[in-house]
Amino acid sequence: MQNLCDVIGIDKSTPPHLVGEMLGPVANRSLSEPPLWPSGVADDASPVEYSVQFESNGARHLRIHLERLAENPSPVANLQASKDLVAELAERHDLALERLEAVQDLFTSEQPQSWFSWAFSLIFDTRGNPSFKLYFNTDMHGEDAAPEVVAEAFDRLGMPNAFDLVTNHALRREGLDLPTFFAIDLEHSEQARVKLYVRQLNARAADAELAASAVPGIDPSAVREFCSVLAPGTEVFDRRPLMSSYSFVSGDLDKPSNYSLYLPIRDYVPHDGVARDRVAQHLQRLHLDPAALDGSLTALTDRPLDAQAGLLAHISLRLSPNQTGTSLYLSSEAYGGTVQN
């Protein structure tokens, strides 16, 4: 993390310390031991994933995605550990909890049926100040119940038409387009987001392009170009799936303000050397300097990139009417490498 802070130009005094506190019991666990619990946050079962965000205005951010595990982990214990962590963070940071309080019971279960229940992300600005986001697994009550849970969550948050819009654009293919994560920003801001993520099994670029068309004022064809650069020649994404997400902010009652596509590049390259070259091409097409890409890879490992795939886990494209962005999601490879699907 300190290496990544240096690459991005972030004050590195706060991020490692805060993330260590949030990880709890696993923070000081030796890597010579097996994972305390096989977290779903990262490909190698570790409970932390790094990402570097690029914006078209030149801004860059470090983002950490993590799961809080209980000292004696289980689905029930991990859910409680996440709830306890929210309470701890609220005491030290000015978190906005109104949206959480409105939907918390929907994403709580005495018998969670999902591979994780709640997870967190932190985005650090250049001074090392964090903003927090909370993820809920929409399958907590079972995959069949997920659509009803999501529709009710949107309704409680004053967005009654949001689920129908998402259904018409990204949940069209029965059994193949599936709600996956529901997320809320825990900040006091008119730009605080409510997000829904949809995994699209065996999708084509055209399916993601149609999903993107739900957002007015963007060019959905950018999605097709993105896919062609990162996975040239791939007609159907039949390994790890594409993921679409929508962001809704205050006032977005009938339309999302943002669409993002997440492409699991590690499943569509022979090794990270090829992934690096394709991502560099993608950054250049967005007029972004790929030097931060190389710096980020070097910050994490000194292994040859052509040894295997997985260091570059997936790449996202963010589209909104006034801005385009991209994020590089990086594995720590703490427990070796990616677990192949």
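Bear in mind the structure is a predicted one, so any value in this text is a computation, not a measurement.
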Inset, instruction - Would you indicate whether the side-chain heavy atoms of Ser82 and Ser117 approach each other to under 4.5 Å? - result: no

Inset, instruction - Rounded to the nearest 0.5 Å, what's the gap from CG on Leu230 to CD1 on Ile265? Could you check? - result: 4.5 Å

Legend entry - Side-chain heavy atoms of Leu300 within contact of Asn3, under 4.5 Å: no

Legend entry - Flag side-chain contact, heavy atom, 4.5 Å: Pro112 against Val76: yes

Inset, instruction - Verify, without hydrogens or angle tests, whether His141 (side chain) and Leu106 (backbone) share a donor-acceptor contact under 3.5 angstrom. - result: yes

Legend entry - Main-chain N/O of Leu311 paired to Ser331 side chain as donor or acceptor, under 3.5 Å: no

Legend entry - Ring center gap for Phe154 and Phe248 short of 6.0 angstrom: yes

Inset, instruction - Kindly say whether the aromatic ring centers of His65 and Tyr135 come within a distance under 6.0 Å. - result: yes

Inset, instruction - Keeping the roles fixed (side chain from Arg239, backbone from Asp267), state whether a donor-acceptor pair exists under 3.5 Å. - result: yes

Legend entry - Donor-acceptor under 3.5 Å (Arg173 side chain, Leu201 main chain): yes

Inset, instruction - Using a cut-off of 6.0 Å, state whether more than 12 heavy atoms not belonging to Asn57 lie near its atom CG. - result: yes

Inset, instruction - Step through the shown structure and confirm whether more than 12 heavy atoms of other residues, nucleotides or ligands are within 6.0 Å of CG on Asp144. - result: no

Inset, instruction - Quick one: sort the Phe107 and Phe182 rings into parallel, tilted or perpendicular, breaks at 30° and 60°. - result: parallel

Legend entry - Residues, nucleotides or ligands: over 12 heavy atoms within 6.0 Å of His93 NE2: yes

Inset, instruction - Return the minimal non-hydrogen interatomic distance between Ser114 and Met140, and the atom names on each side. - result: OG-CA, 3.5 Å

Legend entry - CG-CZ distance between Asp185 and Arg193, expressed to the nearest 0.5 angstrom: 4.0 Å

Inset, instruction - Could you grab the distance from atom CG of Leu69 to atom CG of Leu85, nearest 0.5 Å is fine? - result: 11.0 Å

Legend entry - Closest contact, heavy atoms only, Arg224 versus Ala206: NH2-CB, 3.7 Å

Inset, instruction - Give a yes or no on whether the backbone of Asp125 and the side-chain of Asn129 come within a donor-acceptor separation of less than 3.5 Å. - result: no

Inset, instruction - State the CZ-CE distance between Phe124 and Met1, to the nearest 0.5 angstrom. - result: 5.0 Å

Inset, instruction - Verify side chain to side chain contact (heavy atoms under 4.5 Å, CB included) between Leu122 and Met22, making sure each step is shown before the conclusion. - result: CA-CA 10 Å; Leu122 302 89; Met22 292 182 65; 3.5 Å; yes

Inset, instruction - Report the C-alpha separation of Glu21 and Glu88 in whole Å, then their side-chain angles, then the decisive distance to 0.1 Å, and conclude whether the side chain to side chain contact (heavy atoms under 4.5 Å, CB included) test is met. - result: CA-CA 10 Å; Glu21 289 183 343; Glu88 293 170 17; over 6 Å; no

Inset, instruction - Check the side chains of Arg63 and Ser51 for a donor-acceptor pair under 3.5 angstrom, ignoring hydrogens and angles. - result: yes

Legend entry - Side chain Thr234, main chain Val236, donor-acceptor under 3.5 Å: no

Legend entry - Nearest heavy-atom neighbours spanning Asp155 and Pro160: OD1-CB, 3.4 Å

Inset, instruction - Applying side chain to side chain contact (heavy atoms under 4.5 Å, CB included), run through Leu312 and Leu293 and close with a yes or a no. - result: CA-CA 10 Å; Leu312 280 161; Leu293 161 65; 4.2 Å; yes

Inset, instruction - Decide yes or no for Pro47 and Trp37: does some side-chain heavy atom of the first lie under 4.5 Å from some side-chain heavy atom of the second? - result: no

Inset, instruction - Starting at CG of Leu263, measure out to CE of Met243 and round the result to the nearest 0.5 Å. - result: 11.5 Å

Inset, instruction - Would you tell me whether Tyr259 and Ser244 have side-chain atoms, one donor and one acceptor, within less than 3.5 Å of each other? - result: yes

Inset, instruction - Would you check if the side chain of Thr180 reaches a backbone N or O of Leu178 as a donor-acceptor pair within less than 3.5 Å? - result: yes

Inset, instruction - Evaluate the criterion side chain to side chain contact (heavy atoms under 4.5 Å, CB included) for residue pair Val215 and Leu319; output intermediate values, then yes/no. - result: CA-CA 9 Å; Val215 180; Leu319 300 172; over 6 Å; no

Inset, instruction - For the pair Ser320 (side chain) and Gln323 (backbone), establish whether a donor and an acceptor sit closer than 3.5 Å, ignoring hydrogens and angles. - result: yes

Legend entry - Interatomic distance, Asp6 atom CG to Gln2 atom CD [nearest 0.5 angstrom]: 7.5 Å

Inset, instruction - May I ask you to check whether over 12 heavy atoms, not counting those of Glu33, lie within 6.0 Å of atom CD? - result: yes

Legend entry - Arg127 CZ: over 12 foreign heavy atoms closer than 6.0 Å: no

Inset, instruction - Check whether any side-chain heavy atom of Pro147 sits under 4.5 Å from a side-chain heavy atom of Leu171, and report yes or no. - result: no

Legend entry - Qualifying residue, where the test is side chain to side chain contact (heavy atoms under 4.5 Å, CB included) with Trp118 and the options are Gln80, Arg68, Gln104, Glu67: Gln104

Legend entry - Sidechain-backbone polar pair: Arg318 side chain, Phe54 backbone, donor-acceptor under 3.5 Å: yes

Inset, instruction - Determine whether more than 12 heavy atoms belonging to other residues, nucleotides or ligands lie under 6.0 Å from atom NE2 of His287. - result: no

Legend entry - Close side-chain approach of Arg172 and Leu210, heavy atoms under 4.5 Å: yes

Inset, instruction - Indicate whether the side chain of Ser260 and that of Lys195 have a donor and an acceptor atom separated by less than 3.5 Å. - result: no

Inset, instruction - Assess whether atom CD of Glu152 is packed by more than 12 heavy atoms of other residues, nucleotides or ligands within 6.0 Å. - result: yes

Inset, instruction - Work out which heavy atom in Val223 is nearest to a heavy atom in Ala212; give both atom names and the distance. - result: CG2-CB, 3.8 Å

Inset, instruction - State, with a plain yes or no, whether a side-chain heavy atom of Leu100 is found less than 4.5 Å away from one of Phe136. - result: yes

Inset, instruction - Ignoring hydrogens and angles, tell me if any N or O in the side chain of Asp177 forms a donor-acceptor pair with the backbone of Gln200 under 3.5 Å. - result: no

